[in-house]
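Here's the structure, in structure tokens; my notes come after.
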Amino acid sequence: MAQLSTVTPAEKKRMVYESREFAKKALEKDELCWAAHKWYGVCLSDVGDYEGIKVKIGNAYIIKEHFQRAIELNPKDATTIHLIGLWYYMFADMPWYQKKIASTLFAALPPATFEEALVYFQMAEEADPNFYSKNLLYLGKSYLKLKNNELGLFWISKAKDYPARSEEDQQVHKEASDILKSMGR
């Protein structure tokens with residue numbers, strides 16, 4: 001709900017922190033619940049948006065551990081597999097100045113490449129084909145980062161053509177359309 005455009009910034013922040021507490025309680029109640037691990041990772045990442053780059057990077061390893069644990073407990077959950085791909089993509093795509101700041105705060109940034117991100121996006125797609133417009137988009141974006149324009153454009157086109165059932169799908173459609181236009185398609 002915090003992702004909806006109708007939610008005020010103050011309400012979104014409240015929801016993000018409240019969600020983290022609910023996910024934390026779910027983990028305390030059942031350490032073997034894959035969904036609790038997934039949502040704790042998501043909520044911890046969202047909280048990092050409010051607490052700055054230092055906290056966000058500091059929590060990165062914890063977030064990844066919870067996503068990996070969720071996959072161990074439920075290897076067929078395409079959404080969690082996608083989230084690990086997104087984790088790799090975001091660190092691989094981090095601007096140089098953020099990397100510079102982060103390297104002064106931490107001994108080492110989490111290692112991440114677009115190749116690793118792509119592997120997880122492909123695994124998510126294999127687990128549940130066409131389950132999520134954002135996975136299609138990031139498959140395409142990863143291929144483009146890796147200079148494979150043919151496959152990049154294929155997946156970006158699939159993301160653009162995905163039926164928009166949510167605000168997020170509409171955002172993905174717009175981003176995919178913008179990428180295709182920028183490449184003369």
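This one's a predicted model, so the numbers in the text were calculated from it and none came from an experiment.
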Value rounded to 0.5 Å, distance of [atom1] in [X] from [atom2] in [Y]:
X: K24; Y: C43; atom1: NZ; atom2: SG; answer: 12.5 Å
X: K76; Y: I71; atom1: NZ; atom2: CD1; answer: 12.0 Å
X: L139; Y: Y120; atom1: CG; atom2: OH; answer: 14.5 Å

Residue set satisfying salt bridge (Lys or Arg N to Asp or Glu O under 4.0 Å) with D46, at least two apart, ordered chain then number -> none

Applied to residues 145-156, the side chain to side chain donor-acceptor pair (under 3.5 Å) test, sequence neighbours excluded, yields D93-K145

Residues forming a ring-ring contact (aromatic ring centres under 6.0 Å, His included) with [X], sequence neighbours excluded:
X: Y132; result: H82
X: W34; result: none
X: H37; result: H66

With sequence neighbours left out, the residues meeting side chain to side chain donor-acceptor pair (under 3.5 Å) with R20 are none

For Q170, the side chain to side chain donor-acceptor pair (under 3.5 Å) test, sequence neighbours excluded, returns none

Check: [Y] and [X] side chains under 4.5 Å, non-hydrogen atoms:
X: V172; Y: Y162; value: no
X: K12; Y: D49; value: no
X: L118; Y: T113; value: no

Quick check against the 3.5 Å criterion: does [X] have a side-chain atom that pairs as donor or acceptor with the backbone of [Y]?
X: W87; Y: I63; value: no
X: N59; Y: I62; value: no
X: E21; Y: E18; value: no
X: N74; Y: A70; value: no
X: S19; Y: M15; value: yes

Crowded around F154 CZ? As in, over 12 foreign heavy atoms under 6.0 Å?
yes

Apart from V55 itself, its cluster of hydrophobic side chains linked below 4.5 Å comprises none

Check your understanding: Hey, what's the ring geometry for Y50 with Y17, parallel, tilted or perpendicular (30° and 60° as the breaks)?
Key -> tilted

Evaluate the side-chain contact (heavy atoms from CB on, under 4.5 Å) criterion for residues F67 and I81: first the C-alpha distance (whole Å), next the side-chain angles of each, then the deciding distance (0.1 Å), finally the verdict.
CA-CA 8 Å; F67 289 160; I81 299 167; over 6 Å; no

Is there a path of hydrophobic side-chain contacts, each under 4.5 Å between heavy atoms of I/L/V/M/F/W/Y residues, joining [Y] to [X]?
X: L83; Y: M94; result: yes
X: L151; Y: F114; result: yes
X: L73; Y: V42; result: no
X: L146; Y: M90; result: yes

Applied to residues 25-34, the salt bridge (Lys or Arg N to Asp or Glu O under 4.0 Å) test, sequence neighbours excluded, yields none

Where do [X] and [Y] come nearest, in terms of heavy atoms and distance?
X: D169; Y: S133; value: OD1-OG, 2.6 Å
X: L153; Y: L144; value: N-CD2, 4.3 Å
X: F91; Y: A112; value: CB-CB, 3.6 Å

Scan the side chains in residues 121-129 for donor-acceptor partners under 3.5 Å anywhere in the protein, sequence neighbours excluded, and list what turns up.
residue : atom : partner : partner atom : Å
Q122    : NE2  : Y143    : OH           : 2.7
E125    : OE1  : N135    : ND2          : 3.0
E125    : OE2  : N130    : N            : 2.5

Can you list, pair by pair, the side-chain donor-acceptor contacts under 3.5 Å of residues 177-185, counting residues two or more places apart and other chains?
residue : atom : partner : partner atom : Å
S177    : OG   : H173    : O            : 2.9
D178    : OD2  : K174    : NZ           : 2.8
S182    : OG   : I179    : O            : 2.7

Sorted by chain and residue number, the side chain to side chain contact (heavy atoms under 4.5 Å, CB included) partners of A36 (sequence neighbours excluded) come out as A26, L27, C33

Decide, yes or no, whether a salt bridge links E175 with K141 under the criterion of side-chain N to carboxylate O below 4.0 Å. yes

### Message
I want to check a possible cation-pi pair here: K100 against Y97, using under 6.0 Å from ring centre and within 45° of the ring axis as the test.
### Response
no

